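The sequence lines fix the lettering, A, B, ..., with proteins before strands; numbering per chain opens at 1. All values derive from a computational prediction rather than experimental measurement.
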Number of protein chains: 2
Amino acid sequence: MSITIRDTSNTILSTAERLFNERGGPIVSMKDISEAAGISRQAVYLHFASRTSLISATLCFIDDASRNGDEFRHLREAQTGPEILYAFVEYWGNYVPKVYGAAKALMALRDKDEAAATVWEERMESFRNGCRRTIETIEHEGRLSPQWTVDEGVDLMSTMLSIESWERLTIERSWTTEEYVVRVNRALRQILLVPD
Amino acid sequence: MSITIRDTSNTILSTAERLFNERGGPIVSMKDISEAAGISRQAVYLHFASRTSLISATLCFIDDASRNGDEFRHLREAQTGPEILYAFVEYWGNYVPKVYGAAKALMALRDKDEAAATVWEERMESFRNGCRRTIETIEHEGRLSPQWTVDEGVDLMSTMLSIESWERLTIERSWTTEEYVVRVNRALRQILLVPD
DNA sequence: AATGTAGTTGACGCCATGTCAAGTAAAGAA
DNA sequence: TTCTTTACTTGACATGGCGTCAACTACATT
């Protein structure tokens, strides 16, 4: 027995999620989404105050659905610094493809829309905290390369894992998710970890 | 005796260069540029067919002016793989701040403007070729880490040095140009080079 | 004096986001 | 049954980009 989508808000969100990924976030207009959801353009604004608000809600909608995967469990169960690093990259490499379209849509608004910039900033902050916990664990185990401080390690890790870097490696350079996870994990180990 | 800018095209280009960097590429409109250049909005189109064309010309304009720096000479004089790598990062770290505004303006158009996407693609191609020459030199010297193929090395290097990564490290994380050069060079050495 | 060059202004088309007013269809409550 | 609320509809409009066009002007060249 399949679960039918209950209300219009959810219909809009799942339609937006699909269109953002299928056609590319920034080129999907509010009209496109409303038509695909089977309602009028104006009706979307009865549920979401603005494009930014819709995109933000879409990202949360996707987040909720992606806390059930194996990768999320692996990340929670990882113990040592290097294990956490691998699990983090694995989780991230499987998470980004889901949010990519909506994230790009949000990024495109950042320059001209203060609210979009704020939403992005908050998500970045949370992502950086994940990186920071990883690096701090590595550091507490005495496995952080003496070449780097924790802050520098966080900066490098969050840059290497950024959505833009993910986009370049997977979409432009055709790395598969598995290749991305293995190679980015390897590169980050080489940068951050002191050799055994 | 100072060189006065001869024609309106050059006035527009240097104005665009300045505004893109001062205010941020994507939010600078054709009207802003024309007003700052002291001509009407429509007159810009007598010199450049489109916004994309103007941005592209601005990037070439900046390129021309940046082939005289020390860093460019260092890059041409570098001999060994690791020397080339350092000189490349040094050159790049000093070059990106100059094109950043215009590059962001171009990036913002990529999704909706085929021509902008093409211009970007061509510039990326040229940048990747620079990375490739570096990695190939390292490989011919037998100093490329056996963990990576040349292609993978190029992908990692071009991602690490991408404008988006530069933006994150310098603008968002406040790395100075010197810190950027030293740290990114160090990270790339750790990833790519086999230990001595 | 005639011509070409490089600007000017004002208007228009297109498209996106966002807002507003007025109308409608259906469900629930009195 | 009637009334009201809710959710949606249509059509119109404002704002603000880019890009185009026509008509006009000032100036230098020939």
Side-chain angles (χ1 to χ4, degrees), chain A residues 4-16 19-20 23-58 101-102 104-120, chain B residues 4-16 19-20 23-58 101-102 104-120:
Chain A
T4 50
I5 290 166
R6 287 173 304 281
D7 62 74
T8 309
S9 290
N10 277 342
T11 307
I12 296 170
L13 289 175
S14 58
T15 305
L19 288 193
F20 284 149
R23 302 188 194 169
I27 71 167
V28 175
S29 69
M30 299 295 274
K31 186 164 172 250
D32 294 335
I33 294 166
S34 65
E35 280 175 3
I39 59 173
S40 68
R41 183 177 71 86
Q42 293 87 329
V44 176
Y45 292 94
L46 299 174
H47 299 267
F48 304 97
S50 64
R51 180 173 170 85
T52 294
S53 161
L54 169 59
I55 295 169
S56 173
T58 304
K104 283 272 283 187
L106 184 60
M107 286 164 65
L109 297 183
R110 271 190 303 171
D111 299 301
K112 289 164 181 168
D113 181 353
E114 192 73 32
T118 303
V119 171
W120 179 265
Chain B
T4 49
I5 289 166
R6 285 174 304 281
D7 62 75
T8 310
S9 291
N10 277 342
T11 306
I12 295 170
L13 289 175
S14 58
T15 305
L19 288 194
F20 284 150
R23 303 189 194 168
I27 71 166
V28 174
S29 69
M30 299 296 274
K31 186 164 172 251
D32 294 334
I33 295 166
S34 66
E35 280 175 3
I39 59 172
S40 68
R41 184 177 71 87
Q42 293 89 329
V44 176
Y45 292 95
L46 300 174
H47 299 267
F48 304 98
S50 63
R51 179 174 170 84
T52 294
S53 161
L54 168 60
I55 295 169
S56 173
T58 304
K104 282 273 282 189
L106 185 60
M107 286 164 65
L109 296 183
R110 272 190 303 171
D111 298 302
K112 288 164 181 168
D113 180 353
E114 191 73 33
T118 303
V119 171
W120 179 264

Given atom [atom1] of [X] and atom [atom2] of [N], what is their separation to the nearest angstrom?
| X | N | atom1 | atom2 | answer |
| --- | --- | --- | --- | --- |
| B:Leu54 | D:dG17 | CG | P | 16 Å |
| B:Lys31 | C:dT9 | NZ | C1' | 14 Å |
| B:Phe48 | D:dT20 | CZ | P | 15 Å |
| A:Ile33 | C:dG18 | CD1 | C1' | 14 Å |
| A:Gln42 | D:dC8 | CD | C1' | 10 Å |
| A:Leu109 | D:dG17 | CG | C1' | 14 Å |
| A:Arg51 | C:dG18 | CZ | P | 8 Å |
| B:Arg41 | D:dG19 | CZ | P | 9 Å |

With a cut-off of less than 4.0 Å, is there a side-chain N or O of B:Thr8 near OP1 or OP2 of C:dG7?
yes

Side-chain N or O of A:Ser40 closer than 4.0 Å to phosphate OP1/OP2 of D:dT9:
yes

From D:dG11, C:dG18, C:dG7, pick the nucleotide closest to the side chain of B:Leu46?
C:dG7

Looking at D:dC18, C:dA16, D:dT10, which one has an atom nearest to any side-chain atom of A:Ser29?
C:dA16

Say whether, by atom type as modelled, one donor and one acceptor occur between the side chain of B:Asp32 and the main chain of B:Ser29 under 3.5 angstrom.
yes

Using atom types as modelled and distance alone, determine if a side-chain donor or acceptor of B:Thr58 lies under 3.5 Å from a backbone N or O of B:Leu54.
yes

When you match B:Ile39 and A:Met30 each to their closest nucleotide on DNA chain C, which lands nearer the 5' end?
B:Ile39

Report the residue (B:His47 or B:Lys112) whose heavy-atom-nearest nucleotide on DNA chain C is the more 5′ of the two.
B:His47

Side-chain touch A:Lys104/B:Asp111, heavy atoms, less than 4.5 angstrom
yes

